[in-house]
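The structure appears right after this line, and notes come after that.
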Amino acid sequence: MIEIRVQPGDFDPAIELARLEALGGGAVASFVGQVRGDGGLTELFLDHYPAMTDRMLRALADEAAGRWPLIGVVLIHRIGALGAGERIVLVATASAHRAAALESCAFLIDRLKTDAPFWKRERFGDRSHWVDAREADDVAADRWRRPD
Amino acid sequence: MIEIRVQPGDFDPAIELARLEALGGGAVASFVGQVRGDGGLTELFLDHYPAMTDRMLRALADEAAGRWPLIGVVLIHRIGALGAGERIVLVATASAHRAAALESCAFLIDRLKTDAPFWKRERFGDRSHWVDAREADDVAADRWRRPD
Amino acid sequence: MAVDILYFAWVRERIGIAQERAEPPAGVVTVADLLGWLAGRGGGYAEAFAAPERIRAAIDHAFAGPEAAIAGAREIALFPPVTGG
Amino acid sequence: MAVDILYFAWVRERIGIAQERAEPPAGVVTVADLLGWLAGRGGGYAEAFAAPERIRAAIDHAFAGPEAAIAGAREIALFPPVTGG
């Protein structure tokens, strides 16, 4: 079971986890990313490239399912204007093996950060700016790349 | 915020995740372990050493909080008789950094498997046996040990 | 060769449009060539592509480096490094 | 020296009790000595401790190896390797 959603609205981690738990694998790992309100942030706006986003998220889920014995993958990413504390992203995986669930969950969020065409713009009252990509994210994603 | 519970009853991952999300760190990782119904398992019984369990879980949570910049840790482990599909354990962590949340979550479940005094007995109809410890669990826990 | 060109994030804002259909001349072979050609239009284009090393590209929904050939592309997207998750 | 000894999982089942108060003689210095002394009682004890390498111990709620001294312990637990999580 692979489920991928890109949506403006919120999602309920409980529903997604319950769906993965119902698969009976025994191990469910998840990661939720939220908007941090640091420095007086008033809005986070998420732009994306619709035709490519779905394709890249699906490719990542397929790669994870090829590398680990997974029985379920859920990837949900929100778009549009979000306030401090709101959820941005959910990655959740199910497997019969805890290491497979945990590692694939880390793989998916690390690689999503560099491979999926989303862009964040932060607003602080009257000022707003597009967020710069972080080198640390490239490093985190690179550790999952295997020698050819 | 460190919360540790050892209880016969079920827990609701949604409530625990919501509590961690409310801390505003921006990154929440979780792991849920459930009873697998493989091979016709009819019951999993969990024995434990009450006075030591709480102490060991608290020591693990403290160690995680010392190694990663965490703002929240939840450890819940059930005891007693559980049926196939029922939840056994929840590990959830919150941080301002996704790597800290993900790594500490993996650390906690790996080390819990070797450091917390729980014992599983599996029942298959009329037959039951105590589960043997797995060498793979020792290996997984050892990778978190640091040189002195 | 006509191709759809899409812009995202601050690239889109500087250029002022999200998408256009363009016909790069024959000498425009790679993504880097395309950036140079577009920058040559001046104005918001020159501003958006002043530092081409800050631009990422996708050809038909797959990431493509600056040396990638654009021949046969139906849709080329130009944007800053991604920042999702 | 009187000490509370606790048994868990199949160790408890083989011995038939969960807990007892015992007074090991002076020659019983380490956890390994304690296992040998208990096994010498025969019956379920001999069965439980026939393979001492399969037994783990905790002294006053902290894991202790076979060479750990039991002097001063208030509570010693003997059990199989743990299998929680």
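Proteins get letters first, then strands, A, B, ... in listed order; numbering begins at 1 in each.
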Max heavy-atom pair count under 4.5 Å with chain B, selected residue of D:Ala77, D:Pro80, D:Ala58, D:Pro81: D:Pro80

Contact summary for D:Gly85 and B:Val89, nearest pair of heavy atoms: C-CG1, 3.8 Å

More than 12 heavy atoms from other groups under 6.0 Å of CZ on D:Arg74: no

D:Leu6 side, atom CG; B:Met52 side, atom CE - distance, nearest 0.5 Å: 11.5 Å

Among B:Ala59, B:Gly33, B:Ala116, residue most engaged with chain D (heavy-atom pairs, under 4.5 Å): B:Ala116

Heavy-atom neighbours of B:Glu135 CD exceed 12 at 6.0 Å: no

Derivation and outcome, side chain to side chain contact (heavy atoms under 4.5 Å, CB included), residues B:His129 and D:Trp10: CA-CA 9 Å; B:His129 68 266; D:Trp10 54 254; over 6 Å; no

CA sep, side-chain torsions, deciding dist, call: D:Arg54, B:Asp132, side chain to side chain contact (heavy atoms under 4.5 Å, CB included): CA-CA 10 Å; D:Arg54 296 186 60 202; B:Asp132 282 328; 3.9 Å; yes

Among B:Asp47, B:Thr53, B:Val91, residue most engaged with chain D (heavy-atom pairs, under 4.5 Å): B:Asp47

Side chain / backbone / both / neither for D:Arg12 at chain B, heavy atoms under 4.5 Å: side chain

For D:Val82 against B:Asp115, the heavy-atom pair lying closest together: CG2-N, 4.4 Å

Verdict with reasoning, D:Glu13 to B:Arg121, per side chain to side chain contact (heavy atoms under 4.5 Å, CB included): CA-CA 12 Å; D:Glu13 290 182 346; B:Arg121 191 183 62 207; 3.2 Å; yes

Candidate pair D:His61 and B:Tyr49, rule ring-ring contact (aromatic ring centres under 6.0 Å, His included), full reasoning: CA-CA 9 Å; D:His61 310 142; B:Tyr49 180 4; 5.6 Å; yes

Side chain to side chain contact (heavy atoms under 4.5 Å, CB included) between B:His48 and D:Phe8, intermediate numbers included: CA-CA 8 Å; B:His48 80 130; D:Phe8 291 96; over 6 Å; no

Donor-acceptor contact below 3.5 Å, side chain D:Thr83 vs main chain B:Ala133: no

